[in-house]
Structure formats: C-alpha cells, structure tokens
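Contents: one structure, followed by commentary.
Because only heavy atoms are used, hydrogens play no part in the values below, and waters and symmetry mates are left out as well, while side chains stay in. In what follows, chains are A, B, ... by sequence order, proteins preceding strands, each numbered from 1.
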Protein chains: 4
Amino acid sequence: MTEKLPGRPRDPGIDDAALAAARELLAEVGWEQTTMVAIAERAGVGKPALYRRWPSKTQLIFEAVFNWMTEPVAVADAPDSTEWIQRSFAYTLDLFARPEVQAALPGLLAALHDNPDLQSSLWREFGAPGIDMLGETLQGEGAGSEAALDAQATMVLIIGSSMIVRLLLSGENAAAVAARLPRIVNPL
Amino acid sequence: MTEKLPGRPRDPGIDDAALAAARELLAEVGWEQTTMVAIAERAGVGKPALYRRWPSKTQLIFEAVFNWMTEPVAVADAPDSTEWIQRSFAYTLDLFARPEVQAALPGLLAALHDNPDLQSSLWREFGAPGIDMLGETLQGEGAGSEAALDAQATMVLIIGSSMIVRLLLSGENAAAVAARLPRIVNPL
Amino acid sequence: MTEKLPGRPRDPGIDDAALAAARELLAEVGWEQTTMVAIAERAGVGKPALYRRWPSKTQLIFEAVFNWMTEPVAVADAPDSTEWIQRSFAYTLDLFARPEVQAALPGLLAALHDNPDLQSSLWREFGAPGIDMLGETLQGEGAGSEAALDAQATMVLIIGSSMIVRLLLSGENAAAVAARLPRIVNPL
Amino acid sequence: MTEKLPGRPRDPGIDDAALAAARELLAEVGWEQTTMVAIAERAGVGKPALYRRWPSKTQLIFEAVFNWMTEPVAVADAPDSTEWIQRSFAYTLDLFARPEVQAALPGLLAALHDNPDLQSSLWREFGAPGIDMLGETLQGEGAGSEAALDAQATMVLIIGSSMIVRLLLSGENAAAVAARLPRIVNPL
DNA sequence: CTATAAACGAGACGGTACGTCGGGTCTTCTG
DNA sequence: CAGAAGACCCGACGTACCGTCTCGTTTATAG
C-alpha cells in the first residue's frame, strides 16, 4: 500500500540517531542547550534532515521522549483495580524519574499551552488504553454508573502525583512519599 | 536597621509594575511572546531597570507568578481531613486554572530543573503549612505513625492532579473529572 | 584555485546591497543614526548576514566608503607638476565634499587610531600611485635629490587642506579659499 | 559685576580635574573607552557635576583638548610671512602629535558634522587671530587684493597637512616629510 | 546503463529575543 | 544650593537560536 516514491529513500537510521541524540542532550545539558544544531551534530546529520522529519524542535523532542515511553506499557492484565493502580504508579514514577523526561517537561508544557489540540492527542494516546481497562475493572468490582469518570480521575491522580513527587521532592523522602501514594488512591 | 545606601533609591513602584505587566502578558500572549521588551513597555519602564532587579527573564516571571500565589492560603481551619482535602482541591484547581500560572509553568519547571535548591524552598513555602495541619488532623482521626508521610503524599496528589487536569483535559470533561478527584483521595 | 567550500555560498548581492545602504544612510542621517539594524533594513537583509561579513559596524562602514573611493583615480597623465596639483586638488576636494565621506570620517579616524597598520595600507593604496607619478615629474622639472619627499609632502598638503576646507568652511568662502589653494602649493 | 549667586559656589577645582582626566583617558584608552563615568571616576567627581559644566561629552572633550591648546600661541610677532609659516607649522605639528588630540579627533569630526555652527566658532577662535596677522603681513609684502583669502588658504594648508602627516605617516618618514612642508607653502 | 528525483551534509538566510553598555536626566541625601 | 551616588529611559551593540533556503553530492529506482 505504501506507494514506492521515486528518488532516494530516507535513511531510516537518521530517525533513531536523532531521537537518541535528543534524549542524551536533554539528560546532559537540559532543554535550553538542546539545540537543533547540537542534535544534528551529535547524530552526525544535517539540520534539514531533522526538519524533513519533524516540523519543529518541540515535536522532535516530544517524540524522542514519548515514543520511547509509550512502548510496552503492559499494565493491562491486572487482576483487580488495586493491583492496576500499584503497577501504574510503578511505571509512571519510573517514567518521571528519567532525566530526559524531566528536562523535556518545560517544552512539553509550553507546547500544550500554545497548541491545545495536542492535549487531547496526548491524553488519548498515552492515557486512554489504560483508562478503559481500569474502567471495566471498576465496573466489574461494583462501581456505579460513573466508573468511566473515576477511571479518568484515577489516571489524573497517578500521572500528576508522579510528576510532582519527582519535581519537588528528592532523596529518601521522595521514596517514602511515593510508596504511600497507591494506598491513598481509592476509587471504590 | 536597613542601612541608608547613598544615591537615588530604586523606585519601588517599578517592581510592582513590572511584575503585574509580566502576569498580564503571560495570560494574554503566553510565555514565548512575553518578552523583556514587552514587559518593559507595558510597565512604562526601561529594560535596564528590569535587569537591575532580576538577573534573567526566568527569574522575573517566577517571582511574578509565585510571589503572587503564596498569599494567604487559609485552608487551615478545616474540621476534618475530608473537608481539608475538599478545600485544598478547590484552591489548587483554581490556581492552575489561572492563565498566567499555566503560561508560567514552563519557566518554572526549567528553573526547578536547573536550580535544585529551589525545589525544597518551593515545597516548604507553598506546601508545608497545609501539610502540617493535615498531619495533625489525621493523627486525631486515628492515623498511624506515618500520618506525616500520608499528609505529604496527599498534598502531592492534590497538586499534581490539579495541574494535570488543567493541562490535559478541558471543557465539561475536565469539570466532571475534577469533581470526582476528592472522593478518590482517601488517606485513612 | 579558489577551493569549493561546502554549504550554501554567500549571496554576493548582499555585500553590495549592504555597502550601498551604508553609504546612503551615512549621507542621509549621519554616523550616529547609521545603525546596523538600519543598514540591514535598507539592504533587505538580516543583521547576522552583516556580522558574518564584517566584524563590527566600523569595519563595514570603512569598507563601504573606501573601497568605493579607491577606484581609478586617473590623475596620472598630467603634463607638468602644476597641472598635476590642479587636478589632484579637484579630485580630492570633490571627494571630501561627498556627504557620505564626511560622515564616515569619524569612524575612519577612530580606526586609524586603534589599528596603526591601517595607516600604511591606506597611504599606500590611496596615495602612493599618484605620489610616484608626481615625483618623476618633479625630477624631470629639475627638482633636487629630495623630489620623492617633496612629492609626498605635496600629497599631504592636498589631502589635508581638502579635508579641512570641507570640514571647517562652508558656502562662498569655502569655494574661494579652495580656489586659491593650488597656487600656494609650489614644490619647486 | 559678577553677581553673587546664592547657595554653595561651584568647586573650581572640579573643572580642571575633569579636563585633565579627560585628556589622560583619551591618550590612554582612546575615544570609545573615554566614558563620562570613567572621567568622573578618575576626577573623583560625580557625573552630574560634569553635566552641570558641559552639556555633552563632546563639548567636554572639545574643551579639554582645545582650551589646553589655545594657550599662548604667540606666533604673532613673526617678522615676515616665511617665518610666520615656519612657526605655525612647528606649533601645529606639535599639536597633532599629542596623543590626546589624535584620540579626540573622531569625536570632534562627528560634532562638526552634526553641529554646523561649531564650524565657524572653531574656525573663528582657533584660526582667526593668526590669519588676520598673516593677512596684514602679506599685504605689507606686496600681496594683491586677495591677501585675506590667501591667508585663510595658508592656514587651511598648515592645519590640514599637519593633521594628515600625523595620522597617515609615522617614524622617520613622517619627520622628513613634515620638514619639507613649509618650503612648499608659498602664498606670494 | 543512463536519467531522474529525492535525500543528504554544510551552511547562509531573515527574523527576533537576549543581555550589556553608554549617554544624558532625575532624584535622593549630605555638607 | 553644590556635590556624590546612583537609578532612570532610551536605544545600539553583538550573540544565539529557530526554521527556511540554497548549494553540490550521493543514492536508489525508472526507463
């Protein structure tokens, strides 16, 4: 189905090299210093090759961080809601502990603010699958008609608190607080 | 006590005018367009007057948003933990609904990332008072020895979910989800 | 011979456009108002394109005025020293009457002061050809062994007095004084 | 006659200190680096004290260099025009050999260009006395009706060539050329 | 086996924000 | 009131980054 376009095909290695370079630079020097030129240099690539693939720096970094993260989420097969919450917290807390994710957050937030339709797309791709799963589980556990809303709210709590605990706390206290989070979240 | 410095004293009105101008611009045109020149023009002030007071754009905006927000929070006198959580959610959800706060978040996160000691200072000034209050209330309600940790975790859940619900959801769904949040957070 | 450099070549039209814009602005609004931004705007060019070519405003203006002026002087074929002096005065008085040359003089003097090797290069390129010609003519007219020095001194007198008459006098008086200058300069 | 003004009288020492500081800075660091703040610091004086006395940096430096130079010129009592020219050259060549005078020239030229009435005032104060003297001497030596114009032209030649020989030549060649100048200038 | 079309590295381009600095004016307090 | 200190406005300077555009070269498919 993918029609064979004429001309030289794109080098698929460039995509990976650029995304990896972006992640490394984010972790090492932060958002500000992660320049398009710097990404291109580290990837051994020219700037136009980047702009042929992503329309802006924001989108490149977005994909670098989040396509990396939306890989095997696999919280799917939790037996009950408690277990589901536990596993989701574990995954999300790990995610926001990654230095490149933390470094990418400023740019991500700016993009969310300027580009509202990114909100829904992010929410849909990242949150929706797990939310549906949790909603069904809750209904099986006797939740009322608003099980879907509760599932969304639960996801909001998990994501938000994971972010905040990584941004504002550190050291042993962060670990201790993080360990208490799942017990407090109780949608039933 | 404050020694009399020689020379013309700084005009204190400039501080307020600049901070107000920064807040207005953040709400109106967003982080990118909130230029130092634009702040100076709206405040009726020269650029050097801004750089005499704040070493960079980030620091100016940080103070503009957060010195404004660390006002009297006054959730203090809640009769029980349920009520405390309800009121805290109301306050925090309102806070992150403000457009200038949303617009300032990218800069805030960048500052948190580059300047780790800002973490503790922000957590202490913004979260600590309410957390202590909640901790005592919980202990009075029969919580165990880890009431203090649970209070911190509860605050993390409130702040984080308020931020996420404002950033990722919108419209009626946001309101509905926000309304379910307090019921799910249950530290006892 | 000129090695092929990689990358997009510099647009040669920008050089000319910038130098022309600089000359026009000098003539119209003077040295102070001849801003780099103004030059860029008039040339239809960005500021970085200027700084890629010249390291500072002074150097740009220097080249704008003096590469323009070191064109074919062609006073060469004067039959005797009197005629040579007459023609040189005519040329030099015209030169310093040009508004962009007058406007550029401050920058030129500053450059001469800060960058001494510019002295000799300017003297060599601008003065030397005519001086040699005059020296030979003088020797043919019976001048002594110091004809070369006298030729240099004559050139100094012509350049200097042309500059001063344009800077310090004006109106009819300037014209009358300028007309008497060649008669007074008499190297024989 | 000089009315007694009320209030504290101006400290006369400040004038000299400021002018001396300006001359020193011009000679040491050039026109660009000779800042009003720098002059004030070296003179042990505040900036407003400078602006109380001179309306601009240009005028301050102008006075610093030229009131210093318009001291006893004393070419007056030359017996004939040849001697007058000789002495004037000696004086003017010395003047333009001074480093602070050379450093001040850029600013002076800029001021002449922007402020045309400065031309006549400078010409009148600095050139006129000697020119009148030379004009009378020439008339006594049998010059025609245009002795006044020739006197002006002679002065233009002396000033201009002295400036150029100092700006464009250096070392032994400068001295040799300068020595030949008076012989070539011959108004009769 | 050549022609074409597109991708590639390098880097110039317009635009614009940043942070610094100098000139000239003003406002405080001290003598 | 003069004077020192220094804040103030204005605006130019030079740097950096973004996203686009031309170069000349390379490479895969089409004919």
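- Scanning for side-chain contact (heavy atoms from CB on, under 4.5 Å) contacts around S120(A) gives R124(A), with sequence neighbours left out.
- Within the 4.5 Å cutoff, no side-chain heavy atoms of Q119(B) are placed close to those of L167(A).
- In this structure, the CD atom of Q59(D) is 15 Å from the P atom of dG23(E), given to the nearest Å.
- Partners of A40(C) according to the side-chain contact (heavy atoms from CB on, under 4.5 Å) rule, which considers only residues two or more places apart in sequence or in another chain, are L50(C).
- Here the P atom of nucleotide dA17(E) and the CG atom of L60(B) are 16 Å apart, to the nearest Å.
- Among residues two or more places apart in sequence or in another chain, the ring-ring contact (aromatic ring centres under 6.0 Å, His included) test is passed with F62(D) by F66(D).
- Between its opening and closing five pairs, the helix from dC1(E)-dG31(F) to dG31(E)-dC1(F) changes axis direction by 10°, a value rounded to 10 degrees.
- Applying the side-chain hydrogen bond (donor to acceptor under 3.5 Å, both in side chains) rule to pairs touching residues 9-19 of chain A yields D15(A)-R53(A), sequence neighbours excluded.
- In this structure, G7(B) and T58(C) both approach DNA chain F, and ranking their closest nucleotides by distance from the 5' end singles out G7(B).
- Distance CD (E32(C)) to C1' (dG22(E)): 11 Å, rounded to an integer number of Å.
- The separation between M36(A) atom CE and dA16(F) atom C1' is 15 Å, rounded to whole Å.
- Residues satisfying the side-chain contact (heavy atoms from CB on, under 4.5 Å) test with E32(C), not counting sequence neighbours, are D114(D).
- For A43(C), the side-chain contact (heavy atoms from CB on, under 4.5 Å) partners are A17(C), A21(C), V45(C), not counting sequence neighbours.
- Atom CH2 of W31(A) is separated from atom P of dC17(F) by 14 Å (rounded to the nearest Å).
- Against DNA chain E, the stretch residues 8-20 of chain B makes heavy-atom approaches under 4.0 Å through R8(B), P9(B).
- The CG atom of L25(B) sits 12 Å away from the P atom of dA17(E) (whole-angstrom rounding).
- Every residue meeting the side-chain hydrogen bond (donor to acceptor under 3.5 Å, both in side chains) condition with E24(D), not counting sequence neighbours, appears here in chain and number order: R42(D).
- For the pair Q33(D) CD and dG22(E) P, the interatomic distance rounds to 8 Å; values are reported in whole Å.
- Judged as a ring-ring contact (aromatic ring centres under 6.0 Å, His included), not a single pair has a partner in residues 23-58 of chain D (not counting sequence neighbours).
- Applying a 4.0 Å cut-off to non-hydrogen atoms, the residues of residues 42-57 of chain D that approach DNA chain E are K47(D), P48(D), Y51(D), S56(D), K57(D), listed by residue number.
- Between L60(A) and M36(A), the closest side-chain pair of non-hydrogen atoms falls below 4.5 Å.
- When the P atom of dA16(F) is taken as reference, atom CD1 of I39(A) falls 18 Å away, rounded to whole Å.
- Between V65(C) and L19(C), every side-chain heavy-atom pair lies at or beyond the 4.5 Å cut-off.
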